[in-house]
Structures are given as C-alpha cells and as structure tokens.
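Quick note: numbers below take in every heavy atom, side chains included, and nothing from hydrogens, waters or symmetry partners.
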Amino acid sequence: MAPGVDIVSAQREGGLTTMTGTSMATPHVAGVAALWAQRLRDENGRLVLRDLMLKLLNSVLPLEDGRPHVGYGLVRAPQ
C-alpha cells in the first residue's frame, strides 16, 4: 500500500490541489518500483522482473494493526 489521502498534486489548469484515492497511491508505488529497478540494475547490471517484484514485497513496512485488506504493508524506497 501507499499514501493516498490528502496528497498534494498538480491541477490541470496549473497550481496545486489536494486529492485522495487510489489515483494518488498508485504513483507512489510506481515511483518506488522505479527506484528499486534502478538499484537492482546498478547492482546486477540488468533488471529481472521477478527480482523487482520480490524486492518490493520484501521491503514493505508491515502494518502494526494487521489490516489484511491493505495488502502486504507500506511500500518503502531503497535507502
């Protein structure tokens, strides 16, 4: 999962607005996936999709309240 509530985003006409929903969470996950892809490619000289998927799943921060309906946990970028 990723943040998706009260996310500051660009408006079509210019400027910024606050939005909520999966349309706001998805870019967070895509950005983190891109960062992991770059890290894996730099470390291994190539990128294997399965390795990226495993890195994303194994690097999440588990939720303390155990909500099963939100997936594996909070997505985290490489450090």
Side-chain angles (χ1 to χ4, degrees):
M1 74 173 233
V5 177
D6 295 331
I7 304 299
V8 177
S9 184
Q11 282 186 256
R12 232 178 251 192
E13 299 80 25
L16 300 175
T17 188
T18 302
M19 300 173 75
T20 296
T22 56
S23 294
M24 295 292 96
T26 301
H28 280 88
V29 176
V32 169
L35 291 170
W36 278 117
Q38 181 179 12
R39 168 74 62 86
L40 289 168
R41 190 187 65 201
D42 290 348
E43 289 176 352
N44 303 322
R46 65 189 181 115
L47 176 62
V48 177
L49 182 59
R50 185 174 190 282
D51 294 342
L52 175 57
M53 181 184 73
L54 290 173
K55 187 60 76 173
L56 283 168
L57 293 175
N58 291 327
S59 64
V60 298
L61 181 64
L63 300 175
E64 293 180 13
D65 64 3
R67 293 177 285 172
H69 62 280
V70 293
Y72 291 94
L74 183 63
V75 67
R76 292 192 302 174
Q79 297 185 17

For this session: Mind checking the CE-OG1 spacing from Met24 to Thr18? Nearest 0.5 Å is all I need.
Result: 10.0 Å
Problem set entry | Distance, nearest 0.5 Å, that separates CD of Glu43 from CD of Gln38 | 11.0 Å
Exercise. CZ of Arg46 to CG of Leu40: how many Å apart, nearest 0.5 Å?
Worked result: 10.5 Å
For this session: Provide the closest heavy-atom pair for Pro3 versus Leu74 in the form atom of the first, atom of the second, distance.
Result: CD-CD1, 4.2 Å
Exercise. Does Trp36 reach the main-chain N or O of Arg76 with its side chain, forming a donor-acceptor pair under 3.5 Å?
Worked result: yes
Exercise. What closest approach, in Å, do Ser23 and Pro27 show between heavy atoms, and which atom pair accounts for it?
Worked result: O-CD, 3.1 Å
Exercise. Do the side chains of Leu61 and Met1 join up, straight or via other hydrophobic residues, at under 4.5 Å, putting them in one cluster?
Worked result: yes
Exercise. Between the main-chain N or O of Thr17 and the side-chain N or O of Ser9, is there a donor-acceptor pair closer than 3.5 Å?
Worked result: no
Exercise. Which atoms form the tightest heavy-atom contact between Val75 and Val32, and what is the distance?
Worked result: CG2-CG1, 3.4 Å
Seminar exercise, completed: For Ala77 and Leu35, the nearest pair of non-hydrogen atoms, with its separation, is CB-CD1, 3.9 Å
Exercise. Shortest non-hydrogen contact from Ala2 to His28?
Worked result: CB-CB, 3.6 Å
Problem set entry | Side chain Arg41, main chain Leu47, donor-acceptor under 3.5 Å | no
Exercise. Atom CZ in Arg39, atom CG in Asn44: separation rounded to 0.5 Å?
Worked result: 11.0 Å
For this session: Spell out, yes or no, whether Leu56 and Leu54 are grouped together once hydrophobic residues are joined by side-chain heavy atoms under 4.5 Å, including indirect joins.
Result: no
